[in-house]
2 protein chains.
Amino acid sequence: MKRRKDVAQIKKDIAWNTKELFAQKGYAATSMEEICTVNNRSKGSIYYHFKSKEELFMYLIKLSYEEWIASWHAKEEQYTTSIEKLYGLADHYVDDMENPLHNAINEFVSGQSISAEMMEEMLAIIRIPYTTCKNIIIQGMEQRELKKQNPDDLMYIINSLLNGLSTLYYELEFTEIRRLYRAGIATILSGIQNTYEKN
Amino acid sequence: MKRRKDVAQIKKDIAWNTKELFAQKGYAATSMEEICTVNNRSKGSIYYHFKSKEELFMYLIKLSYEEWIASWHAKEEQYTTSIEKLYGLADHYVDDMENPLHNAINEFVSGQSISAEMMEEMLAIIRIPYTTCKNIIIQGMEQRELKKQNPDDLMYIINSLLNGLSTLYYELEFTEIRRLYRAGIATILSGIQNTYEKN
DNA sequence: TAAAAAACTGACCGTTCAGTCTAATGGTAT
DNA sequence: ATACCATTAGACTGAACGGTCAGTTTTTTA
């Protein structure tokens, strides 16, 4: 009863092969023909495994975020303090930056033809990194490494910073970008305001 | 010798009418037919004023950023300290957030069919807010309001934070978002790390 | 007021797209 | 060997796309 090939694995392969395309060109501008090309597969084959472009995209998004959170949990164990974890999280964002599906997702959900439940599903996926960040923050406050304040606010702020830095992809070298991510965390930790009076 | 209508004004009208469309649906997913609809104009009329969809888009981007920097310069005068200006800049980002062309721009430049000089032009436009931010930072350091450090680093960090926060558009209320922008600046100013030893 | 120029229209064109259909392929069980 | 069926290939479809153009209407010119 065993199949020639593991169908689930084929679906994953197709999705991963397609990630770079969606990440670089966006959802609408990526054609099914191009998807066929990068997969060395025919249209019939792709449509045998996915009933639509939309479904393939959603599948890829889910897969990517599952991968993201899984590899973070693996990394997280090697850090102890929450401050180390914040720097580690910054690194994790950098490692993931080469294929930023973020823009494609925004384009996808902004397009009119999206059902309510799909929207809900997408929002739930997007919230994963927020939760990850929030947990670190809460730990940091419990351990008194961080000042006590609204954890949700801080979660949004740190996540926005790390997301926003990804736009430097086209402007700076990779090592420079990594340095800036860490500098961003350092800045948020220690602040930039001069505590001495002027003069 | 005066024309019935000012051609330059018509071009601007068309561009502004189209802004929301590009902002919400992205570049590729916005069709010329839709652009005609929101302008109450025929295809021929649009193409009479713009030689291509691409040109219309570039024109809109330029216009938007000119508007952005102009209205900022008007606001800036009412602030004195650089810290006030940073909060003011955050507000300015919020005011501009309803039609974020940012994603459309990313999609546009990532699409393959873009000439080198157009790419250069686009990058120059995108750099406008960076420069704006940098000037505030330099002033802040000169006035000793801010700690001395690499101004470029800080410019990238603050800009990334303000850009990144815009993705909260779909998740939070407008007043909540405005509060978070200010909280973001406050956080960067004073830092989050506890300066007391733990225990 | 007649002629020229500017502004505009919408049918039309070639191309590209997501998705469909059917025939071919090849592994597996009997 | 044969029958079966999961899988694949790629020609095909209809809709939608960006862009063009011959021709009409409106305004300016002189």
Side-chain angles (χ1 to χ4, degrees), chain A residues 1-19 21-22 24-61 104 107-115 118, chain B residues 1-19 21-22 24-61 104 107-115 118:
Chain A
M1 269 306 174
K2 197 173 68 169
R3 286 199 181 80
R4 246 186 318 164
K5 297 173 185 174
D6 184 355
V7 179
Q9 188 55 49
I10 291 178
K11 287 188 75 168
K12 286 185 186 177
D13 289 345
I14 293 174
W16 287 129
N17 289 337
T18 311
K19 184 174 183 181
L21 224 41
F22 277 131
Q24 289 185 354
K25 312 189 63 174
Y27 178 74
T30 297
S31 74
M32 290 302 289
E33 316 256 6
E34 287 172 299
I35 293 173
C36 292
T37 302
V38 300
N39 280 284
N40 279 322
R41 274 170 190 276
S42 66
K43 265 205 177 146
S45 177
I46 301 289
Y47 273 94
Y48 178 80
H49 292 286
F50 298 96
K51 80 172 213 285
S52 67
K53 186 183 178 184
E54 208 176 73
E55 192 193 273
L56 167 55
F57 185 72
M58 280 298 292
Y59 182 84
L60 168 61
I61 300 302
E107 180 205 338
F108 183 73
V109 300
S110 298
Q112 72 290 10
S113 58
I114 191 169
S115 67
M118 189 172 257
Chain B
M1 269 303 177
K2 198 172 69 170
R3 286 202 180 78
R4 184 171 46 127
K5 295 174 187 174
D6 186 355
V7 179
Q9 188 56 50
I10 292 177
K11 287 187 74 168
K12 285 185 187 176
D13 289 345
I14 294 175
W16 287 129
N17 288 338
T18 311
K19 184 174 184 182
L21 225 41
F22 276 131
Q24 289 185 354
K25 312 188 64 173
Y27 178 75
T30 297
S31 74
M32 289 304 289
E33 317 257 3
E34 287 172 300
I35 292 173
C36 293
T37 302
V38 299
N39 279 284
N40 279 322
R41 275 169 191 278
S42 68
K43 241 183 199 179
S45 176
I46 301 289
Y47 274 94
Y48 179 80
H49 292 285
F50 298 96
K51 79 172 214 285
S52 66
K53 186 183 180 185
E54 209 176 71
E55 192 193 273
L56 167 56
F57 185 72
M58 281 298 292
Y59 182 84
L60 168 62
I61 300 303
E107 180 203 338
F108 183 73
V109 300
S110 298
Q112 72 289 10
S113 58
I114 192 170
S115 66
M118 189 171 256

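Model, not experiment: these values are computed from the prediction. Chain A is the first sequence line, chain B the second, and so forth, proteins listed ahead of strands; every chain is numbered from 1.
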Would you please test B:Met118 and B:Phe108 for side chain to side chain contact (heavy atoms under 4.5 Å, CB included) and show each step? CA-CA 11 Å; B:Met118 189 171 256; B:Phe108 183 73; 4.0 Å; yes
Please test B:Phe57 against B:Glu54 for side chain to side chain contact (heavy atoms under 4.5 Å, CB included), starting from the C-alpha separation and ending with a verdict. CA-CA 5 Å; B:Phe57 185 72; B:Glu54 209 176 71; 5.8 Å; no
Whole-Å distance, B:Ile35 CD1 to D:dA16 C1', equals 15 Å
Identify the pairs formed between an N or O of the protein and an N or O of nucleotides 18-22 of chain C at a distance under 3.5 Å, and give each distance.
| unit_1 | atom_1 | unit_2 | atom_2 | d |
| --- | --- | --- | --- | --- |
| C:dA18 | OP1 | A:Thr30 | O | 3.1 |
| C:dA18 | OP1 | A:Lys53 | NZ | 2.6 |
| C:dA18 | OP2 | A:Met32 | N | 2.7 |
| C:dA18 | N7 | A:Lys43 | NZ | 3.1 |
| C:dG19 | OP2 | A:Tyr47 | OH | 3.0 |
| C:dG19 | OP2 | A:Lys53 | N | 2.9 |
| C:dG19 | N7 | A:Lys43 | NZ | 3.3 |
| C:dG19 | O6 | A:Lys43 | NZ | 2.6 |

Is the phosphate of D:dA9 approached by A:Arg41 (side-chain N or O, under 4.0 Å from OP1 or OP2)? no
Could you list all N or O pairs between the protein and nucleotides 13-15 of chain D that sit under 3.5 Å apart?
none

May I have the distance from B:Ile14 (atom CD1) to C:dA7 (atom P), rounded to whole angstrom? 11 Å
Bend angle of the helix from C:dT1-D:dA30 to C:dT30-D:dA1 from five-pair axes at both ends, rounded to 10°? 10°
Rounding to a whole Å, what distance do you find between B:Ile46:CD1 and D:dT20:P? 14 Å
Could you tell me whether the phosphate oxygens of C:dA7, OP1 or OP2, come under 4.0 Å of any side-chain nitrogen or oxygen in B:Tyr48? yes
Any A:His49 side-chain N or O less than 4.0 Å from OP1/OP2 of D:dA6: no
What is the distance, rounded to the nearest whole Å, between atom CG of B:Asp6 and atom C1' of C:dA6? 14 Å
